[in-house]
Amino acid sequence: MANICSNEFYAESKDKGNIEYIYNYFDNIYQGNVIDLSQEEGSVESQFDSKWSFPEEEMKELFNGLPNKDEIYMRCLSVEYGCRYVEYHECEGEEGWYLS
């Protein structure tokens, strides 16, 4: 049995291009694993599954593709109950993702 990690993702930006990019990224990359994906003015929220832990490579790819890295805030809470794994990552500006 595989350990599945649940992720709660949130992003906000004043740059509409960032919001559209993030929404499309989740829609394309996580097609089968997105539990919920919603887009409001200036923000995107998603709940999705990944293997074992925070999907670091995918989140780096998401960040690297943003059209305006100076105008972004993202966060992701990752939980895998079987192994008692919990991590909370944030991403702001040019810094990229970091563990909070």
Side-chain angles (χ1 to χ4, degrees):
M1 181 175 164
N3 293 17
I4 303 298
C5 186
S6 298
N7 301 281
E8 292 187 28
F9 174 88
Y10 173 81
E12 65 182 38
S13 179
K14 293 177 184 173
D15 185 319
K16 290 181 181 182
N18 279 348
I19 297 303
E20 289 175 14
Y21 175 81
I22 294 167
Y23 184 87
N24 290 330
Y25 180 86
F26 275 95
D27 193 37
N28 292 327
I29 299 298
Y30 287 102
Q31 290 174 348
N33 293 324
V34 173
I35 298 164
D36 183 32
L37 178 63
S38 61
Q39 179 180 359
E40 304 259 337
E41 185 174 332
S43 69
V44 176
E45 291 185 59
S46 179
Q47 293 179 340
F48 63 97
D49 292 337
S50 62
K51 293 182 180 179
W52 307 296
S53 61
F54 173 72
E56 187 171 355
E57 291 304 314
E58 291 86 348
M59 293 298 103
K60 283 182 182 178
E61 181 181 319
L62 169 66
F63 176 74
N64 289 336
L66 288 172
N68 184 357
K69 292 177 184 60
D70 289 329
E71 183 50 55
I72 192 66
Y73 170 76
M74 298 185 284
R75 65 180 181 241
C76 186
L77 174 64
S78 302
V79 179
E80 197 288 302
Y81 291 102
C83 294
R84 298 182 182 169
Y85 168 85
V86 176
E87 280 192 1
Y88 182 71
H89 290 81
E90 292 182 282
C91 181
E92 297 179 80
E94 292 291 332
E95 295 176 30
W97 287 99
Y98 57 90
L99 185 61
S100 291

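Since this is a predicted model, take the numbers as computed values, not measurements.
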Inset, instruction - Report the residues that fulfil side-chain contact (heavy atoms from CB on, under 4.5 Å) with Leu66, sequence neighbours left out, ordered by chain and then residue number. - result: Asn18, Tyr21, Ile22, Phe63, Lys69, Ile72, Met74
Inset, instruction - Could you tell me whether the side chain of Asn3 reaches within less than 4.5 Å of the side chain of Lys51, counting heavy atoms only? - result: no
Inset, instruction - Output yes when a side-chain donor or acceptor of Asn68 lies under 3.5 Å from a complementary backbone atom of Asp15, and no otherwise. - result: no
Inset, instruction - Check whether any side-chain heavy atom of Val86 sits under 4.5 Å from a side-chain heavy atom of Ser78, and report yes or no. - result: no
Inset, instruction - Report yes if some heavy atom in the side chain of Ser38 is under 4.5 Å from a heavy atom in the side chain of Val44; otherwise report no. - result: no
Inset, instruction - Begin from the C-alpha positions of Cys76 and Phe54 and carry the test side chain to side chain contact (heavy atoms under 4.5 Å, CB included) through to its verdict. - result: CA-CA 8 Å; Cys76 186; Phe54 173 72; 3.8 Å; yes
Inset, instruction - Fit a plane to each ring of Phe9 and Trp97, take the angle between them on a 0 to 90° scale, and name the class: parallel (under 30°), tilted (30 to 60°) or perpendicular (over 60°). - result: tilted
Legend entry - Pair Glu8, Tyr10: side-chain N/O donor-acceptor within cut-off below 3.5 Å: no
Inset, instruction - Could you tell me whether the side chain of Ser13 and the main chain of Glu71 form a donor-acceptor pair under 3.5 Å? - result: yes
Legend entry - Donor-acceptor contact present, side-chain Asn24 to main-chain Glu20, <3.5 Å: yes
Legend entry - Those residues that, when tested against Glu92, pass side-chain contact (heavy atoms from CB on, under 4.5 Å) (two or more places apart): Tyr73, Tyr98
Legend entry - For Asp70, all residues meeting side chain to side chain donor-acceptor pair (under 3.5 Å), sequence neighbours excluded: none
Inset, instruction - Please indicate whether Glu94 has more than 12 foreign heavy atoms, meaning atoms of other residues, nucleotides or ligands, lying under 6.0 Å from its CD. - result: yes
Inset, instruction - Answer yes if Phe48 and Tyr88 sit in the same cluster of Ile, Leu, Val, Met, Phe, Trp and Tyr residues linked by side chain heavy atoms under 4.5 Å apart, and no otherwise. - result: no
Legend entry - Atom pair CD (Glu41) and CD (Glu12), whose distance is rounded to the nearest 0.5 Å: 12.5 Å
Inset, instruction - Calculate, to the nearest 0.5 Å, the distance between atoms CD and OG belonging to Gln47 and Ser6 respectively. - result: 8.5 Å
Legend entry - Steps toward side chain to side chain contact (heavy atoms under 4.5 Å, CB included) verdict (Leu62, Phe26): CA-CA 9 Å; Leu62 169 66; Phe26 275 95; 4.1 Å; yes
Legend entry - Smallest separation among heavy atoms of Asn7 and Ser50, with atom names: ND2-OG, 2.9 Å
Inset, instruction - Any chance you could measure His89, atom NE2, to Met59, atom CE, to the nearest 0.5 Å? - result: 10.5 Å
Inset, instruction - Find out if a path of hydrophobic residues (ILVMFWY) with successive side-chain heavy-atom gaps under 4.5 Å connects Tyr81 to Leu77. - result: yes
